[in-house]
Novice: 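The structure's right below; bear with me while I get my questions together.
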Amino acid sequence: MTTPRSDFLKAITDRGFFHQCTDLEALDAEFSSKMVTGYIGFDCTADSLHIGSLLQIMLLRWMQKTGHKPIVLMGGGTSKVGDPSFKDEARKLLSEEDIARNKAGILQVFDKYLAFGDAATDAVMVDNADWLDKLEYIPFLRDYGAHFSVNRMLSFDSVKLRLEREQSLSFLEFNYMILQAYDFLELRRRYGCVLQMGGSDQWGNIVNGVELTRRVDQQTIFGLTSPLITTSSGAKMGKTAQGAVWLNADRLSVYDFWQFWRNTDDADVGRFLKLFTEMPLDEVAKLEALGGTEINEAKKILATEVTALCHGRAAADDAAETARQTFEAGNSAEGLPSVDVPRSELASGLSVVEALRRAGLAASNGEARRLIRGGGARVNDQPVDDENATLGESSLDGDGVIKLSSGRKRHALLRVA
């Protein structure tokens with residue numbers, strides 16, 4: 001691949017965002033000669049996005065930073081169908097109320113990353129329900145159905161792998177790629193949008209939109225995908241043993257978000273600094289070259305910079321200071337995630353097993369018992385070796401809280417309600 005000339009494509013290539021493009025040379029010429037409008041779609045399947053979407057959000061941010069116009073497409077319409085791409089089974093169908101609630105939660109994320117408004121490069125947010133909900137079935141089939149080859153659609157990996165595993169693919173889901181292709185056509189007509197971006201699992205859907213627009217409107221538009229990000233261990237980005245790493249603070253505390261990035265594997269630090277922060281590449285190179293215990297300083301910088309983008313600089317600095325107090329100063333750290341318990345429960349004795357589960361340090365009582373048996377549970381920094389241990393008012397420290405720990409890196413506070 002030749003080195004792109006345009007600021008946007010050069011930036012995302014140098015930082016590791018680029019995977020595939022329908023016509024890189026022609027797209028580079030577009031970015032070099034004019035302001036480009038591009039979009040990424042986000043379905044409303046939960047009331048927050050998680051870090052599996054963060055790379056796509058950063059792509060839109062880099063578009064705007066380099067003088068172009070990003071569109072955030074909310075899938076109020078397509079969320080009623082569900083994207084089957086690389087899923088083992090159909091998504092649960094969502095009600096109108098579910099979608100509206102989820103959309104409201106997701107909207108909170110984007111204000112942190114993009115500038116919205118009426119200026120030329122200001123981001124806009126649109127909902128594909130605005131046009132998909134108004135489509136009439138027979139006219140839509142007549143006008144657009146002939147432009148889709150079922151043979152071709154079956155050849156895309158997202159569909160082929162599902163069928164090869166003999167897992168049911170409903171006709172409802174099969175229509176998703178047609179609707180996504182139509183979104184691209186509609187956005188070009190309404191906003192002059194010429195680029196759709198997404199993860200590599202969206203390649204087939206994106207190509208469908210490029211080809212539909214060429215056939216129906218005789219217009220050239222482009223598709224660009226980024227790699228699906230996994231950790232150096234091969235784990236999917238955005239998932240942990242404790243669940244998804246959400247971008248909304250009401251789903252995951254700022255401190256836990258910071259800690260997730262602080263716990264990055266050594267081998268991933270440089271790559272994640274390039275993708276999820278805006279630090280200059282020469283500074284990233286210095287940090288990823290650190291060895292031994294010094295790499296931990298790079299991890300703290302990664303955690304603070306990523307958290308600052310998502311939750312604001314003040315919240316990121318607070319999380320970093322909370323961690324410093326917890327691990328370096330040995331304090332109970334008021335900024336830790338906390339859960340309230342009635343004083344009556346402490347008076348009668350609250351089991352450590354139940355406390356660990358309520359605090360989110362174990363997913364179940366069984367997991368809490370295994371944590372204790374494995375020597376990973378602590379109360380007020382003291383190991384717990386008895387699965388039947390209880391907490392009482394005498395367990396409260398001088399600040400009136402009880403500090404619970406799972407291993408050395410996950411902590412929470414119990415407070416008397």
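Every value quoted in this text rests on a predicted model; they were computed, and no experiment measured them.
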Novice: Using modelled atom types only, decide if a donor and an acceptor are shared between the side chain of Asp47 and the backbone of Asn102 within a distance under 3.5 Å.
Specialist: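 Absent.
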Novice: Answer yes or no: is there a side-chain heavy-atom contact under 4.5 Å between Asn388 and Ser351?
Specialist: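 Counting from C-beta outward, Asn388 and Ser351 never come under 4.5 Å.
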Novice: Please report the shortest heavy-atom distance between Phe18 and Thr13, naming the atom on each side.
Specialist: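 Phe18 and Thr13 have their closest heavy atoms at CB-OG1, 4.0 Å.
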Novice: Is there a donor-acceptor contact under 3.5 Å from the side chain of Lys403 to the main chain of His411?
Specialist: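 Looks like no, no N/O pair under 3.5 Å.
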Novice: Locate the shortest heavy-atom distance separating Leu252 from Asp256; write the atom from each residue and the value.
Specialist: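 That closest heavy-atom pairing would be CD1-CB, 3.7 Å.
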Novice: Distance check, rounded to the nearest 0.5 Å: Leu309 atom CG versus Leu54 atom CG?
Specialist: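 That separation rounds to 8.0 Å.
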Novice: Checking Asp28 side chain against Leu24 main chain: does a donor-acceptor pair fall under 3.5 Å?
Specialist: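 Between the backbone of Leu24 and the side chain of Asp28 there is no qualifying donor-acceptor contact (under 3.5 Å).
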Novice: Should Ile12 and Leu59 count as side-chain neighbours, where that means a heavy-atom distance under 4.5 Å?
Specialist: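 A side-chain contact exists here, since the closest heavy-atom pair is under 4.5 Å.
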Novice: Hey, does Asp183 have a side-chain heavy atom less than 4.5 Å from the side chain of Leu132?
Specialist: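 Yes, close enough: below the 4.5 Å cut-off.
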Novice: Donor-acceptor pair, distance only, cut-off 3.5 Å: does the side chain of Ser348 make one with the backbone of Ser344?
Specialist: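 Such a contact is found between Ser348 side chain and Ser344 backbone.
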Novice: Rounded to the nearest 0.5 Å, how far apart are CD1 of Ile57 and SG of Cys310?
Specialist: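 Separation between the atoms: 7.5 Å.
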Novice: Can Ser226 and Gln56 be said to form a side-chain hydrogen bond (donor to acceptor under 3.5 Å, both in side chains), step by step?
Specialist: CA-CA 8 Å; Ser226 55; Gln56 306 306 322; 2.8 Å; yes
Novice: Could you walk me through whether Val352 and Ile372 satisfy the side-chain contact (heavy atoms from CB on, under 4.5 Å) test, starting with their C-alpha distance in whole Å, then the side-chain angles of each, then the deciding distance to 0.1 Å, before giving a yes or no?
Specialist: CA-CA 9 Å; Val352 173; Ile372 293 171; 4.2 Å; yes
Novice: Do you see a donor-acceptor pair shorter than 3.5 Å between the side chains of Thr78 and Asn128?
Specialist: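 On atom types as modelled, these side chains qualify, holding a pair under 3.5 Å.
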Novice: Does the pair Ile40 and Val72 meet the rule for a side-chain contact (heavy atoms from CB on, under 4.5 Å), with working shown?
Specialist: CA-CA 6 Å; Ile40 299 177; Val72 178; over 6 Å; no
Novice: Going from CG on Asp130 to CD on Glu186, what distance comes out if it is rounded to the nearest 0.5 angstrom?
Specialist: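 Asp130 CG to Glu186 CD: 9.5 Å, rounded to 0.5 Å.
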Novice: Once you round to the nearest 0.5 Å, how far does CZ of Phe42 lie from CG of Leu107?
Specialist: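 With rounding to 0.5 Å, CZ (Phe42) is 11.5 Å from CG (Leu107).
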Novice: Between Val341 and Arg358, is there a side-chain heavy-atom distance shorter than 4.5 Å?
Specialist: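 They are in side-chain contact.
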Novice: Kindly indicate, with the supporting measurements, whether the criterion side-chain contact (heavy atoms from CB on, under 4.5 Å) is fulfilled by Lys10 and Thr66.
Specialist: CA-CA 10 Å; Lys10 187 175 188 310; Thr66 53; over 6 Å; no
Novice: What residues form a side chain to side chain donor-acceptor pair (under 3.5 Å) with Asp268, not counting sequence neighbours?
Specialist: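 Side chain to side chain donor-acceptor pair (under 3.5 Å) list for Asp268, sorted by chain: Ser232, Arg271.
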Novice: side-chain contact (heavy atoms from CB on, under 4.5 Å), that's the test. Do Phe260 and Ile51 meet it? Break it down for me.
Specialist: CA-CA 11 Å; Phe260 170 82; Ile51 62 168; 3.1 Å; yes
Novice: For a quick test of reading the model, state the closest non-hydrogen atom pair linking Met35 to Ala120 and the distance between them.
Specialist: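 Closest pair (atom of Met35, atom of Ala120, distance): SD-O, 3.4 Å.
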Novice: Between the side chains of Asn208 and Tyr182, does any donor sit under 3.5 Å from an acceptor?
Specialist: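 The answer is no; no qualifying pair exists.
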Novice: Hey, would you say the Phe184 and Tyr39 ring centroids sit under 6.0 Å apart?
Specialist: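 Yes: the rings meet the under 6.0 Å criterion.
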Novice: Give the table of side-chain donor-acceptor pairs shorter than 3.5 Å for residues 276-284, with sequence neighbours excluded, one pair per line with atom names and distance.
Specialist:
| residue | atom | partner | partner atom | Å |
| --- | --- | --- | --- | --- |
| Thr277 | OG1 | Leu273 | O | 2.6 |
| Thr277 | OG1 | Met279 | N | 3.2 |
| Glu278 | OE1 | Arg61 | NH2 | 3.4 |
| Glu278 | OE2 | Arg61 | NE | 2.3 |
| Glu278 | OE2 | Arg61 | NH2 | 3.4 |

Novice: Taking only residues at least two apart or on different chains, which pairs with a member in residues 295-316 satisfy ring pair (Phe, Tyr, Trp, His ring centres under 6.0 Å)?
Specialist: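 Listed once each, the pairs are Phe257-His311.
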Novice: Looking at Trp131, I'd like to know if the NZ or CZ of Lys134 sits under 6.0 Å from its six-membered ring centre while staying within 45 degrees of the ring's axis.
Specialist: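 Negative - Lys134 is either too far from the ring of Trp131 or too far off its axis.
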Novice: Output yes when Asp266 and Lys299 qualify as a salt bridge under the 4.0 Å nitrogen-oxygen rule, no when they do not.
Specialist: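 Lys299 and Asp266: salt-bridged.
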Novice: Find the distance between CG (Leu185) and CD (Gln180) and round it off to the nearest 0.5 Å.
Specialist: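 If we round to the nearest 0.5 Å, Leu185:CG and Gln180:CD are 13.0 Å apart.
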Novice: Less than 4.0 Å between a side-chain N and a carboxylate O, is that true for Glu97 and Arg101?
Specialist: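 Salt bridge absent between Arg101 and Glu97.
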Novice: Provide the closest heavy-atom pair for Ala315 versus Val254 in the form atom of the first, atom of the second, distance.
Specialist: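 It is O-CG1, 3.7 Å.
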Novice: Got a donor-acceptor contact below 3.5 angstrom from the Asp127 side chain to the Ala129 backbone?
Specialist: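 Checked: pair present.
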Novice: Distance only, no hydrogens: is a donor on one side chain within 3.5 Å (strictly under) of an acceptor on the other, for Thr293 and Asn296?
Specialist: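 Short answer, no.
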Novice: Ion pair present between Lys69 and Asp122, side-chain N to carboxylate O less than 4.0 angstrom?
Specialist: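 Asp122 and Lys69: not salt-bridged.
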Novice: Are the side chains of Val210 and Phe222 in contact, using a 4.5 Å heavy-atom criterion?
Specialist: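 Contact flag for Phe222/Val210 side chains = no.
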Novice: Between Gln202 and Gln196, is the side-chain hydrogen bond (donor to acceptor under 3.5 Å, both in side chains) condition met? List the steps.
Specialist: CA-CA 10 Å; Gln202 294 296 310; Gln196 181 183 176; over 6 Å; no
Novice: Should Glu305 and Arg313 count as an ion pair when the cut-off is N to O under 4.0 Å?
Specialist: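 A salt bridge links Glu305 with Arg313.
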Novice: Which heavy atom of His19 sits nearest a heavy atom of Pro227, and at what distance?
Specialist: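 Shortest heavy-atom separation between His19 and Pro227 comes out as CB-N, 3.5 Å.
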Novice: Taking the six-membered ring for Trp and the full ring for Phe, Tyr or His, determine whether the centres of Phe110 and Phe116 are under 6.0 Å apart.
Specialist: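 No, ring centres 6.0 Å or more apart.
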Novice: Find out whether Phe31 and Met63 are in side-chain contact, i.e. whether some heavy atom of one side chain is under 4.5 Å from a heavy atom of the other.
Specialist: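 Result yes, sub-4.5 Å side-chain heavy-atom pair found.
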Novice: Heavy atoms, side chains only, cut-off 4.5 Å: are Gln64 and Tyr113 in contact?
Specialist: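 No, every pair of side-chain atoms sits at 4.5 Å or beyond.
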Novice: State whether a side-chain donor-acceptor pair under 3.5 Å links Trp261 with Thr307.
Specialist: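 Looking only at side-chain atoms, Thr307 and Trp261 do not form any donor-acceptor pair under 3.5 Å.
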Novice: Is there side-chain contact between Leu371 and Glu367, with heavy atoms separated by less than 4.5 Å?
Specialist: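 Side chain of Leu371 against side chain of Glu367, heavy atoms only: no contact under 4.5 Å found.
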Novice: Do side-chain atoms of His68 reach the backbone of Thr37 as a donor and acceptor pair under 3.5 angstrom?
Specialist: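 No; zero donor-acceptor contacts below 3.5 Å.
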Novice: Can you tell me how far CD1 of Ile99 sits from OG of Ser79, rounded to the nearest 0.5 angstrom?
Specialist: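 It comes to 5.0 Å.
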Novice: More than 12 heavy atoms of other residues, nucleotides or ligands under 6.0 Å from NZ of Lys112: is that the case?
Specialist: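 Count over threshold, so yes.
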Novice: Would you name the heavy atoms of Asn248 and Gly105 that are closest together and state the gap between them?
Specialist: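 Between these two residues, the closest heavy atoms are ND2-O, 2.8 Å.
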